[in-house]
There are 2 protein chains.
Amino acid sequence: MAEQPALQFSALVLALAGELVQGIHTRVVAAGFDDLRPAHGFAFARISFGGATTADLAEHLGVTKQAAAQLVDELVRKGYVERTAHPTDARARLLRLTERGWACTRAADTAAAEAVAPYQRTLGAERFAELVGDLAALGPKGPIRPAW
Amino acid sequence: MAEQPALQFSALVLALAGELVQGIHTRVVAAGFDDLRPAHGFAFARISFGGATTADLAEHLGVTKQAAAQLVDELVRKGYVERTAHPTDARARLLRLTERGWACTRAADTAAAEAVAPYQRTLGAERFAELVGDLAALGPKGPIRPAW
DNA sequence: CGTGATGGACAAGTAGCTTGTCCATATAGA
DNA sequence: TCTATATGGACAAGCTACTTGTCCATCACG
């Protein structure tokens, strides 16, 4: 069974991703941001990076422009994002996180750190760092998004 | 920035999971099973394990019984799954893969192996095996499912 | 044997996404 | 500079996977 490690790898990564999303989401909700779903996190990631328009966001998330526009509408309505004028393109609106949006981003970062902490403890800081290094070496280049 | 590796870890695992799902799905479709979506794979995993009822499947996938029933209906309609009498419970129906269902499962395994192959090549067989070992040590116990 | 739990089905509603169309503005070529 | 094509964004309608709610038949436990 030469491909056994490969199958194991897929299963482990998928299971791990599921646990991570679940763990992070639970903590973010507990932190008071209970009107968001995990998918919103991926939008925050792109918007906080800066310079994002709705179309950029759509491409990043791998959905249509309209889906992205609806998502942005929701985030604006809930006070996490605001649309500002684009400096050079009169058609476009630049997306920007509000203070509440930034607060949520910080909460998500904390949540991620907490969710990963047990893993770090299991392997030890050193071995965990190696693990991260190896994963980084695989160079997953795809945008971080809920792909199914 | 002590929590930097933790954040990196989350991002990497999530990106990797996305790429894997995408890669596997694409290959499975290319293998002729183009009437399935990635989520179906998680159902196949449980059903191929054996002894699954619709309710078992629902719990495994983390959805309601009705959602699972609809999914099973679809898989039965498309010829991947059949409902058989349960040996000891007259209420329940035992789910079983058809030959086509098994063929799809084999195709998915092959697809997973192929999708992971480049990673194996990048790290080398030895280091990759270590990586898998470390991931396994983290013991992601959650059911493998699309969690968002 | 009766009472609560469980597997499953039917019906209706919802939310997130899609396709299709349109307009205003930007960009490139003659 | 004028024209053609591409692009950001909005409006409308529809689809699909999922939900909640209800119900029945059967199981399991006192």
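Order of the sequence lines sets the chain letters (A, B, ...), proteins ahead of strands, with each chain counted from 1.
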At their closest point, which heavy atom of [X] faces which heavy atom of [Y], and how far apart are they?
{"X": "A/E114", "Y": "A/P118", "answer": "O-CD, 3.2 Å"}
{"X": "A/A136", "Y": "B/L12", "answer": "N-CD1, 3.7 Å"}
{"X": "A/L94", "Y": "A/P87", "answer": "CD2-CD, 4.1 Å"}

| query | Of A/R91 and A/Q70, whose nearest nucleotide on DNA chain D comes first from the 5' end? | reply |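 This one resolves to A/R91.
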Per the atom types in the model, does the base of D/dG21 pair as donor or acceptor with the side chain of B/Q66 at under 3.5 Å?
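Yes.
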So, do B/Y119 and B/L20 sit near enough that their side-chain heavy atoms are less than 4.5 Å apart?
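Side-chain contact under 4.5 Å: yes.
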So A/R83 and A/L95, do their side chains get closer than 4.5 Å, heavy atoms only?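 They are in side-chain contact.
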**Message:** Can you tell me how the ring of A/F44 sits relative to the ring of A/Y80, calling it parallel under 30°, perpendicular over 60° and tilted otherwise?
**Reply:**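 Correct class here is perpendicular.
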Tell me: [atom1] of [X] to [atom2] of [N], nearest whole Å?
{"X": "A/L57", "N": "C/dC17", "atom1": "CG", "atom2": "P", "answer": "11 Å"}
{"X": "B/K65", "N": "D/dC18", "atom1": "NZ", "atom2": "P", "answer": "17 Å"}
{"X": "A/D89", "N": "C/dC23", "atom1": "CG", "atom2": "C1'", "answer": "14 Å"}
{"X": "B/R93", "N": "D/dT26", "atom1": "CZ", "atom2": "P", "answer": "13 Å"}
{"X": "A/E74", "N": "C/dA15", "atom1": "CD", "atom2": "P", "answer": "10 Å"}
{"X": "B/D73", "N": "D/dA17", "atom1": "CG", "atom2": "C1'", "answer": "13 Å"}
{"X": "A/L36", "N": "C/dG16", "atom1": "CG", "atom2": "P", "answer": "12 Å"}
{"X": "A/L71", "N": "C/dT18", "atom1": "CG", "atom2": "P", "answer": "11 Å"}

The helix from C/dC1-D/dG30 to C/dA30-D/dT1: angle between end helix axes, five pairs per end, rounded to 10 degrees: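 Helix axis angle between the two ends: 30°.
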Margin query: The criterion is salt bridge (charged side-chain N to carboxylate O under 4.0 Å, His left out); which residues satisfy it with B/R127, sequence neighbours excluded?
Written below: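 Checked B/R127 against salt bridge (charged side-chain N to carboxylate O under 4.0 Å, His left out); matches are A/E130, A/D134.
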At 4.0 Å (heavy atoms only), tell me whether B/A67 reaches a base, stays on the sugar-phosphate, or touches nothing.
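Answer is base: heavy atoms of B/A67 come under 4.0 Å of a base.
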| task | Please check the phosphate of D/dT19 (OP1 and OP2 only) for any side-chain N or O of B/T64 closer than 4.0 Å. | result |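 Yes.
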So, is B/R37 near the phosphate of D/dA17, with a side-chain N or O under 4.0 Å from OP1 or OP2?
->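 So the side-chain polar atoms of B/R37 do come within 4.0 Å of the phosphate oxygens OP1 or OP2 of D/dA17, strictly under.
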- Find which nucleotide of DNA chain C each of A/H40 and B/T53 is nearest to by heavy atoms, and output the residue with the more 5' nucleotide.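 Of the two residues, B/T53 wins.
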